[in-house]
Amino acid sequence: MKAGGSVVDKAEGAAGYHFPDWAYKTESSPGSRQIQLWHFILELLQKEEFRHVIAWQQGEYGEFVIKDPDEVARLWGRRKCKPQMNYDKLSRALRYYYNKRILHKTKGKRFTYKFNFNKLVMPNYPFINIRPNAGEKETELVG
DNA sequence: GCCGGAACGA
DNA sequence: TCGTTCCGGC
């Protein structure tokens with residue numbers, strides 16, 4: 001517990017809802033200014049150039065599928081200067097998010113996870129761009 | 001593949 | 001505190 005500077009004051013919504021703690025973090029964690037994995041994931045999801053590597057799952061809000069685990073791990077390792085990074089280690093880090101309620105696993109679906117955010121956090125995260133159907137025909141949903 | 005404990009580092 | 005590394009187990 002640290003009281004030395006909450007980044008964000010609890011901004012109670014107009015409707016009286018509260019957002020999860022992680023939703024208040026902007027770019028860095030309170031103590032460390034290292035990039036967070038979940039933020040990095042959102043970063044990749046935001047860019048179309050990585051849609052063959054990781055992409056939002058159509059239909060489920062906040063759900064995404066890692067299409068190329070090796071590549072995602074490589075990119076993550078590159079960002080963190082950890083050349084030995086692989087999906088096994090990366091997924092362990094993702095698993096730590098379960099208790100933090102940032103992520104959970106979509107069981108049964110390979111390489112598929114789901115953010116616990118809801119539309120209420122969207123005002124805090126304008127850069128999160130979930131496209132349910134951005135006018136493109138979805139044909140990549142193959143079992 | 002996915003899970004989660006354990007030791008460890010920054 | 002947030003992973004990184006390693007690993008036994010399912």
Side-chain angles (χ1 to χ4, degrees), chain A residues 1-13 16-134 136-143:
Chain A
M1 54 170 78
K2 53 178 291 298
S6 275
V7 179
V8 180
D9 190 291
K10 259 301 198 293
E12 69 271 19
Y17 293 107
H18 67 282
F19 305 142
D21 291 350
W22 63 271
Y24 291 102
K25 302 176 185 174
T26 48
E27 297 205 5
S28 56
S29 62
S32 165
R33 48 193 59 79
Q34 281 277 319
I35 182 153
Q36 307 264 98
L37 178 55
W38 66 268
H39 201 282
F40 177 77
I41 296 294
L42 287 176
E43 192 176 303
L44 294 182
L45 285 166
Q46 169 190 243
K47 301 177 181 178
E48 306 242 347
E49 53 186 300
F50 297 114
R51 76 182 192 283
H52 59 99
V53 171
I54 184 173
W56 293 114
Q57 182 73 277
Q58 301 88 337
E60 280 297 325
Y61 200 83
E63 190 173 287
F64 63 94
V65 50
I66 298 173
K67 299 179 179 179
D68 192 340
D70 290 338
E71 182 65 7
V72 172
R74 227 197 38 169
L75 291 165
W76 174 235
R78 181 166 162 269
R79 174 65 69 89
K80 290 287 292 289
C81 299
K82 297 286 183 181
Q84 305 308 310
M85 182 54 57
N86 57 37
Y87 179 69
D88 184 48
K89 297 170 185 173
L90 186 150
S91 61
R92 182 66 189 95
L94 290 178
R95 257 169 260 140
Y96 273 128
Y97 285 150
Y98 296 171
N99 287 339
K100 295 182 180 179
R101 314 185 81 183
I102 292 176
L103 278 182
H104 64 85
K105 188 72 178 67
T106 302
K107 297 191 175 183
K109 289 187 177 180
R110 215 162 162 235
F111 308 129
T112 304
Y113 300 82
K114 187 173 179 178
F115 279 100
N116 282 345
F117 57 50
N118 50 50
K119 55 186 175 186
L120 293 178
V121 308
M122 289 303 103
N124 274 2
Y125 281 85
F127 63 85
I128 298 177
N129 193 17
I130 303 177
R131 42 188 62 211
N133 38 1
E136 52 183 33
K137 44 185 188 249
E138 44 95 1
T139 349
E140 38 197 22
L141 186 60
V142 182

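Scope of the values below: all heavy atoms of this structure, side chains included, with no hydrogens, waters or symmetry mates. Protein chains get the first letters and strands the later ones, always in sequence-line order, with residue 1 at the start of each.
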### Atom pair CG/CZ of A:Leu44 and A:Phe40 - distance to nearest 0.5 Å
4.0 Å

### Query
Under the criterion side-chain contact (heavy atoms from CB on, under 4.5 Å), which of A:Tyr113, A:Phe115, A:Tyr97, A:Trp76 is the partner of A:Ile41?
A:Phe115

### Query
Would you call A:Glu71 and A:Arg74 a salt bridge, using N to O less than 4.0 angstrom?
yes

### Query
OP1 or OP2 of C:dT5 less than 4.0 angstrom from a side-chain nitrogen or oxygen of A:Lys89, does that happen here?
yes

### Query
For A:Tyr97, which contact category applies under a 4.0 Å heavy-atom criterion: base, sugar-phosphate, or nothing?
sugar-phosphate

### Query
Do A:Trp56 and A:Leu45 come close enough that some side-chain heavy atom pair is under 4.5 Å?
yes

### Summary
Value for NE2 (A:His52) from CG (A:Asp68), rounded to nearest 0.5 Å, stands at 8.0 Å

### Task
Please report, rounded to the nearest Å, how far the C1' atom of B:dG1 is from the CG atom of A:Leu94.
13 Å

### Query
Roughly how far, to the nearest 0.5 Å, is the NE2 atom of A:His104 from the CD atom of A:Glu63?
7.5 Å

### Message
Quick check: do A:Ile35 and A:Glu43 have side-chain heavy atoms less than 4.5 Å from each other?
### Response
yes

## Note on the structure
Nucleotide by nucleotide, nucleotides 2-10 of chain B touches protein heavy atoms under 4.0 Å in the pattern (B base, S sugar-phosphate only, - none) SBBBBB---

#### Entry: Sub-4.0 Å heavy-atom contacts from residues 68-84 of chain A onto DNA chain C, ordered by number
A:Trp76, A:Lys80, A:Lys82

### Message
Students often get this wrong, so: under 4.0 angstrom with heavy atoms, is A:Leu90 touching a base, only sugar-phosphate, or nothing?
### Response
nothing

### Message
Measuring from atom OH of A:Tyr98 to atom CG of A:Leu103, what distance do you get when rounded to the nearest 0.5 angstrom?
### Response
7.0 Å

### Message
Distance check needed: C:dC2 P versus A:Trp38 CH2, whole Å only.
### Response
11 Å

